[in-house]
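Read the structure below first, then the notes.
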Number of protein chains: 2
Amino acid sequence: MERDKKTSDLVEFFKVLGEPNRLRIVGLLAQRAYTAEQLGAALGVGASTVSHHLTRLARAGLVSARSESYYNLYSLQTNALSDMAKTLLAQAQPVRPESEQELSDYDRKVLATFTTTDGRIKTFPMQERKFRVLLRHILPSFSHGVRYTEKRVNEILSKYNDDTARLRRWLVDFGYMAREGGGGKYWRVDEK
Amino acid sequence: MERDKKTSDLVEFFKVLGEPNRLRIVGLLAQRAYTAEQLGAALGVGASTVSHHLTRLARAGLVSARSESYYNLYSLQTNALSDMAKTLLAQAQPVRPESEQELSDYDRKVLATFTTTDGRIKTFPMQERKFRVLLRHILPSFSHGVRYTEKRVNEILSKYNDDTARLRRWLVDFGYMAREGGGGKYWRVDEK
DNA sequence: GAAGTATTTCGATACTTATAGAAATAGTCT
DNA sequence: AGACTATTTCTATAAGTATCGAAATACTTC
C-alpha cells in the first residue's frame, strides 16, 4: 500500500472516472471480466475508442488485462477502488484536521482534560497557560480576513460552550480576535 | 440519504473532482472556510474562474456558502464526500455482485446450505436441481465468447472447490460449457 | 510460414471546458 | 440614498480529449 498519494494521481483518478463510458466500463468489469470487443458492443462505441479508455483506466491502475486465446480479458482492480474510497473517507473527517496533528503533548493533555470527545469545553481552567490552549482550540473555526457579526460569532462559539458571551470577550481580551469600535464586528487577529 | 445515485450524478461527481484547481479548493476547504478572494489568491487564478469552479462544486453538492459581511464564506460539505466514499466501497465488493441480487429464494437457500460465506462449495448436493444452482453460481466467472485453456479453467474453478476436474466435466455434461474436440479449449455456452 | 483474429496506433474532427477580462449584479457600510 | 466591495454573468479563446476509420501490430491457429 502506497505511503501517500500525490495530488496529480488523485486528479488523474477522478478524471478517469469522470467520463460516462469509462464509468460504465468500470461498472461492467465490477461484475465480470470482459473482452474489448464485448465492451465496445455493450457501450455502442468502436474498438479503438474502447482501447483508448482501457489504456487510461489501466494507467490509473483501475483495470488489468490477461491474455486468453485470441482475446484479452480485462478485469477490475478492486483494490484501487477501495483504497481510494478509504483515502476519501480519511479526508472527510469532521473538522480541525490539521491543527489536531500539530498539537504538543501538553496541549493534547489539556484538551483531554477540559473538553469532551466531540470537542466541547466542559469547564474552564484557572491557569492562563491552559486557558490559552482552549482559546487556540476554538480559533480555527474563524477565518482570517473576515469580519463576523456578533450574532455569527455566538453561533460559532455555541458549538464549544453555552457561555458564548464570556468566550467572545475572552477571545478579544487575550488578543486572538479584535472588535470594531462602533459596528460590533469581530475579526480574527493575524498571528505575528 | 438518497435511495440510489444516478450514474450521471456519479459522473458529475468525478468530473468535478477531476480538475486540479477544484481538487485543491476541496483540499483547502477541508481545513477551514475560505472566501472566494482568498481561494483565488491561493490558487493564482482570477475571481471569475474561482466563481466558476465553486458553482460546479456546489452543483455537485460538495460545497455550501454562507454570507458574512462583504464576503461569502465557502465550506466543504463533508457528508457528500463520505457518502460517495461509502458508495465506492460498496461497489468494490469481491466478485459476483449482480447475480447475487437476482437469485430466487430457492437458489439463495441452496447456496446458503452448500457454500461457505466466501462462495466456496462445501459439498455437492445429490438432487440435480440443487446441483444446477451451484453450477450457475460458478458460471459468471466465465465470459461469453472466450475460449479458455484447460489450465485457465482449472485456475478459475479452484476458487470454488479443489476438485476442479470433476467440476469441469460437470459443467460440460450439464450443458453450461462446451469443449473443443482436439485442442482442449473450453467456452461458455450461450444461454437460451 | 500463411491466414485469421483482436487490439493498438495514427490522423482528423467535433465537442467540452478552463480561463481571463469586462460588464452586470447583489449586498454592505456611512 | 450613494459609495464601495465581492461575486456572478457574459463573451471569447485556447487547450484537452472522446470519437471514428484506416492502417499497423501482436498473437493464435492450422
Side-chain angles (χ1 to χ4, degrees), chain A residues 8 11-12 14-25 33-41 43-60 63-74 143 145-152 180-185 187, chain B residues 8 11-12 14-25 33-41 43-60 63-74 143-149 151-152 180-185 187:
Chain A
S8 57
V11 170
E12 188 59 25
F14 286 120
K15 197 177 289 188
V16 162
L17 263 47
E19 204 281 328
N21 278 335
R22 277 197 292 265
L23 195 58
R24 291 175 67 192
I25 288 179
Y34 279 77
T35 69
E37 220 177 18
Q38 295 172 332
L39 288 174
L43 301 185
V45 299
S48 59
T49 303
V50 172
S51 175
H52 170 217
H53 288 318
L54 286 175
T55 301
R56 293 207 62 167
L57 284 167
R59 184 144 42 95
V63 307
S64 62
R66 82 187 128 81
S67 183
E68 192 68 57
S69 177
Y70 280 147
Y71 308 77
N72 282 358
L73 271 181
Y74 300 90
S143 295
V146 176
R147 304 176 73 213
Y148 296 90
T149 62
E150 184 168 300
K151 176 170 161 292
R152 179 66 192 155
E180 195 176 33
K185 289 295 178 70
W187 62 91
Chain B
S8 58
V11 171
E12 187 59 25
F14 286 120
K15 198 176 290 187
V16 161
L17 262 48
E19 204 281 330
N21 278 335
R22 277 197 292 263
L23 195 58
R24 291 175 66 193
I25 288 178
Y34 278 77
T35 70
E37 219 176 19
Q38 294 172 332
L39 287 174
L43 301 184
V45 299
S48 59
T49 303
V50 172
S51 175
H52 171 216
H53 287 319
L54 287 175
T55 301
R56 292 206 63 167
L57 284 166
R59 183 145 42 97
V63 307
S64 62
R66 83 185 129 81
S67 184
E68 191 69 57
S69 175
Y70 281 148
Y71 309 76
N72 283 358
L73 271 180
Y74 300 90
S143 295
H144 289 283
V146 176
R147 303 176 72 215
Y148 295 90
T149 63
K151 175 169 161 296
R152 179 68 192 153
E180 193 177 36
K185 290 296 179 70
W187 63 91

About how many Å separate OG1 of A:T49 and CG of A:L39, when rounded to the nearest 0.5 Å? 12.0 Å

Among D:dT7, D:dT19, C:dT7, the one nearest any side-chain atom of A:N21 is D:dT19

Value in whole Å for how far the P atom of D:dA6 lies from OH of B:Y74: 12 Å

Within the distance-only criterion (no hydrogens, no angle test), does the side chain of B:Y148 pair as donor or acceptor with the backbone N or O of B:S143 below 3.5 angstrom? yes

Side chain of B:K185 - closest among C:dA20, D:dT29, C:dT7: D:dT29

Roughly how many Å is it from CG in B:L73 to P in D:dA6, rounded to a whole number? 13 Å

Taking only Lys NZ, Arg NE, NH1 and NH2, and the carboxylate oxygens of Asp or Glu, determine whether A:E19 and A:R56 approach each other closer than 4.0 Å. no

Hey, does A:L54 have a side-chain heavy atom less than 4.5 Å from the side chain of A:Y74? yes

Please tell me if the side chains of B:W187 and B:V146 come closer than 4.5 Å, counting only heavy atoms from C-beta onward. no

Taking 4.0 Å as the cut-off, does a side-chain nitrogen or oxygen of B:T49 come that near to OP1 or OP2 on C:dA20? yes

So, is A:R22 close to the D:dA18 phosphate, meaning a side-chain N or O under 4.0 Å from OP1 or OP2? yes

A:R152 CZ to C:dT28 P, in whole Å, measures 14 Å

Can you measure A:F14 atom CZ to D:dG16 atom P for me and round it to whole angstrom units? 22 Å

Report the end-to-end axis angle of the helix from C:dG1-D:dC30 to C:dT30-D:dA1; each axis comes from five terminal pairs, and the value is rounded to 10°. 40°

Any chance you could lay out the side-chain contact (heavy atoms from CB on, under 4.5 Å) test for A:R66 and A:N72, step after step, and finish with the verdict? CA-CA 6 Å; A:R66 82 187 128 81; A:N72 282 358; over 6 Å; no

Side-chain (B:T55) to main-chain (B:S51) donor-acceptor, under 3.5 angstrom: yes

A:L17 side chain reached by A:R22 side chain, heavy atoms, under 4.5 Å: no

Here the gap from B:L57 atom CG to B:H52 atom NE2, rounded to the nearest 0.5 Å, amounts to 9.5 Å

Roughly, in whole Å, what's the span from CG in A:L39 to P in C:dT8? 11 Å

Look at the side chain of A:E37 and decide which nucleotide, out of D:dA6, C:dC29, C:dA6, has an atom nearest to it. C:dA6

Approximate separation, where rounding is to 0.5 Å, of B:Y34 OH and B:L73 CG: 11.5 Å

Specify the separation, in whole Å, of atom CZ of B:R66 and atom C1' of C:dA26. 19 Å

From CD of A:Q38 over to P of C:dT5, roughly how many Å is that when rounded to an integer? 17 Å

Which nucleotide in D:dT19, D:dT7, C:dT7 has an atom nearest any side-chain atom of A:E19: D:dT19

Can you tell me how far P of D:dT17 sits from NZ of A:K15, to the nearest Å? 5 Å

Does any residue of residues 50-60 of chain B have a heavy atom under 4.0 Å from DNA chain C, and if so, which ones, in number order? B:H52, B:H53, B:R56

When you get a sec, tell me which of D:dT8, C:dT7, D:dG21 is the closest nucleotide to the side chain of A:S48? D:dG21

